[in-house]
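Worksheet: one structure, shown below.
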Number of protein chains: 2
Amino acid sequence: MPRMSEAEKQRSHNRILDAAAQLFRERGVEATSVADVMKAAGMTHGGFYRHFESKEDLIAASFRHAVDDVVSDMEREETSEGRKKERQDYIAKYLSQAHVQDSRNGCPLAAMGTELARTTGAPHQVGAQALDRMAALLRDTSETGSGRGLATMALLMGTITLARLTESEEEADRALEAGRTAIELLQDHWPKDRS
Amino acid sequence: MPRMSEAEKQRSHNRILDAAAQLFRERGVEATSVADVMKAAGMTHGGFYRHFESKEDLIAASFRHAVDDVVSDMEREETSEGRKKERQDYIAKYLSQAHVQDSRNGCPLAAMGTELARTTGAPHQVGAQALDRMAALLRDTSETGSGRGLATMALLMGTITLARLTESEEEADRALEAGRTAIELLQDHWPKDRS
DNA sequence: TAATTTAGATGATACATGTAATCTTAAATG
DNA sequence: CATTTAAGATTACATGTATCATCTAAATTA
């Protein structure tokens with residue numbers, strides 16, 4: 001059936017990225033094989049190396065892809081007011097049962113952060129970059145330092161992880177509610193002079 | 001060289017648990033093989049199934065083992081004052097560079113939480129139990145609900161994950177500092193009537 | 001249109017994996 | 001002391017893994 005047009009190669013490439021981004025978040029990076037990804041993308045494993053140099057390469061690329069997907073809307077927002085609203089919406093969606101259950105399309109850092117942290121090289125790098133990017137978005141433009149953005153990010157990620165660890169929706173809800181309350185505290189009481 | 005005395009079997013058993021608890025935290029559960037664990041415990045992989053039914057069994061047992069290790073001192077504390085002090089010490093150690101760098105002996109939930117959350121069955125269960133246990137310890141005895149304990153746990157875990165994702169000690173320090181500030185806010189401003 | 005290129009399929013490689021059967025030997029038991 | 005038992009070593013097995021060489025047919029290009 002090969003060979004396909006340049007445009008269709010791009011499409012295949014994107015299908016691989018999408019499939020990888022979903023599977024990696026759902027099952028974890030180590031637990032997902034290149035063949036799994038290719039099958040989910042509707043291809044056999046052989047063609048993989050026409051698109052990526054190695055699995056490590058795919059990890060980095062698909063993670064960036066996933067972060068772009070989640071974050072690009074927010075970054076487009078221009079005004080301070082628009083950003084603030086986006087931020088609140090994002091947090092509300094983040095701390096929801098839907099997000100707890102659908103890790104496949106959820107926050108890449110929450111799903112793969114621990115695994116990326118153990119990596120060295122490209123995957124670790126894109127993880128660190130993603131953190132910068134997200135902390136910047138969660139931070140108020142008027143703020144001096146990155147502290148509150150970082151703390152907010154930590155709280156969001158931690159809360160989702162806890163909620164996913166629980167064994168019932170009720171327990172998950174308790175975790176989410178605690179997360180929401182804590183986020184409010186950060187927003188209302190973060191010291192002005194802290195970084 | 002077999003066979004060994006009952007007492008020495010226990011010792012072997014514990015060596016396996018220790019090795020697993022360390023390797024799982026350092027490299028991740030999926031990335032660590034039974035053979036890796038047995039080698040680290042000073043044995044060949046053949047004897048493994050005299051001690052555990054399966055890798056899944058080992059995951060659950062070693063995780064419980066690690067949590068016990070980390071938490072038992074705190075649980076022994078009787079007085080409210082003693083507990084409070086233990087809590088503060090624990091948080092200070094938790095949010096330290098040492099903890100960021102030494103995941104091997106660090107918080108099991110921070111190191112394996114995401115992976116356990118993806119599991120079903122025994123490993124997921126012990127993960128959920130660990131969460132209950134730790135949130136209970138982080139919670140003030142005078143409090144009504146588990147909310148603040150949960151939020152504190154989320155913040156601790158999230159902060160460590162972020163710090164481990166960074167690419168320099170300075171960035172890691174920024175994350176840790178943000179975590180400390182946020183913890184203070186939770187301690188000072190958590191609403192009295194919230195669960 | 002003929003020659004060339006290459007995306008993806010097929011199949012192979014070399015190795016790691018979890019698990020189990022079998023063997024060895026010393027401890028436990030009588 | 002003789003017998004039984006079982007901890008750990010050795011080996012085997014079936015499966016899964018990342019990667020690569022080769023094949024194919026269609027898209028490009030000359």
Side-chain angles (χ1 to χ4, degrees), chain A residues 1-21 23-24 26-63 112 115-116 118-123, chain B residues 1-21 23-24 26-63 112 115-116 118-123:
Chain A
M1 309 144 196
R3 118 192 211 183
M4 336 209 79
S5 79
E6 186 69 24
E8 231 172 329
K9 185 193 178 182
Q10 254 314 319
R11 282 239 225 90
S12 295
H13 193 87
N14 274 324
R15 284 214 319 282
I16 298 174
L17 281 178
D18 282 334
L23 285 178
F24 285 161
E26 189 184 6
R27 304 186 198 162
V29 172
E30 287 281 350
T32 303
S33 72
V34 170
D36 288 340
V37 171
M38 291 301 279
K39 183 185 266 186
M43 285 175 277
T44 53
H45 65 280
F48 176 74
Y49 292 87
R50 303 275 160 173
H51 291 276
F52 300 95
E53 284 205 346
S54 62
K55 187 183 179 182
E56 188 177 300
D57 187 16
L58 174 66
I59 295 169
S62 72
F63 184 83
M112 310 169 52
E115 265 179 305
L116 288 193
R118 288 194 277 251
T119 302
T120 52
Chain B
M1 311 143 197
R3 117 190 216 182
M4 337 207 79
S5 80
E6 187 68 26
E8 231 173 327
K9 186 192 178 182
Q10 255 313 321
R11 281 239 226 90
S12 296
H13 193 87
N14 274 324
R15 285 215 318 282
I16 298 174
L17 282 178
D18 282 334
L23 285 178
F24 285 161
E26 189 184 6
R27 304 186 199 163
V29 172
E30 287 281 349
T32 304
S33 72
V34 170
D36 289 340
V37 172
M38 290 302 279
K39 182 185 267 187
M43 286 174 277
T44 54
H45 66 280
F48 175 74
Y49 292 88
R50 303 275 159 171
H51 291 277
F52 301 95
E53 284 206 346
S54 63
K55 187 183 180 183
E56 187 177 299
D57 187 16
L58 173 66
I59 296 169
S62 72
F63 184 83
M112 310 169 52
E115 265 179 304
L116 288 192
R118 288 194 277 250
T119 303
T120 52

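Residue numbers start from 1 in every chain, and the chains themselves are labelled A, B, ... in the order their sequence lines are given, proteins ahead of strands. Any value given below was found using the heavy atoms of this structure, including those in side chains, with hydrogens, waters and symmetry copies removed.
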Tabulated below should be each protein N or O lying under 3.5 Å from an N or O of nucleotides 27-30 of chain C; please produce it.
none

Which atom pairs link the protein and nucleotides 1-3 of chain C when you take only N or O atoms and keep those under 3.5 Å?
none

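- Distances were taken from every side-chain heavy atom of B:His45 (C-beta onward) to each of D:dT19, C:dA20, C:dG8; the shortest belongs to C:dA20.
- Every side chain to side chain contact (heavy atoms under 4.5 Å, CB included) that B:Ala122 has, sequence neighbours left out, goes to B:Ala60.
- For A:Gln10, there are no side chain to side chain donor-acceptor pair (under 3.5 Å) partners, not counting sequence neighbours.
- Shown here are the salt bridge (charged side-chain N to carboxylate O under 4.0 Å, His left out) partners of A:Glu8, two or more places apart in sequence or in another chain: there are none.
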Going through the distances and angles, do B:Leu116 and B:Ile59 end up as a side chain to side chain contact (heavy atoms under 4.5 Å, CB included)?
-> CA-CA 9 Å; B:Leu116 288 192; B:Ile59 296 169; 4.0 Å; yes

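- Under the salt bridge (Lys or Arg N to Asp or Glu O under 4.0 Å) criterion, the residue pairs touching residues 29-49 of chain B are B:Arg27-B:Asp36, with sequence neighbours excluded.
- Every pair tested for salt bridge (Lys or Arg N to Asp or Glu O under 4.0 Å) that includes a residue from residues 41-62 of chain B fails, sequence neighbours excluded, so the list is empty.
- In terms of the side chain to side chain donor-acceptor pair (under 3.5 Å) criterion, A:His45 has no residue partners (sequence neighbours excluded).
- Contacts of B:Phe48 classified as ring-ring contact (aromatic ring centres under 6.0 Å, His included), with partners at least two apart in sequence or in another chain: B:Phe52.
- Applying a 4.0 Å cut-off to non-hydrogen atoms, the residues of residues 47-60 of chain B that approach DNA chain D are B:Gly47, B:Arg50, B:His51, listed by residue number.
- Close to D:dT17, at under 4.0 Å from its OP1 or OP2, lies a side-chain N or O of A:Ser33.
- B:Arg15 pairs by the side chain to side chain donor-acceptor pair (under 3.5 Å) definition with nothing, not counting sequence neighbours.
- Of the two residues near DNA chain D, A:Glu30 and A:Glu8, the one whose nearest nucleotide lies more 5' is A:Glu30.
- Which of C:dG18, D:dA7, C:dT17 sits closest to the side chain of B:Asp36 comes down to C:dT17.
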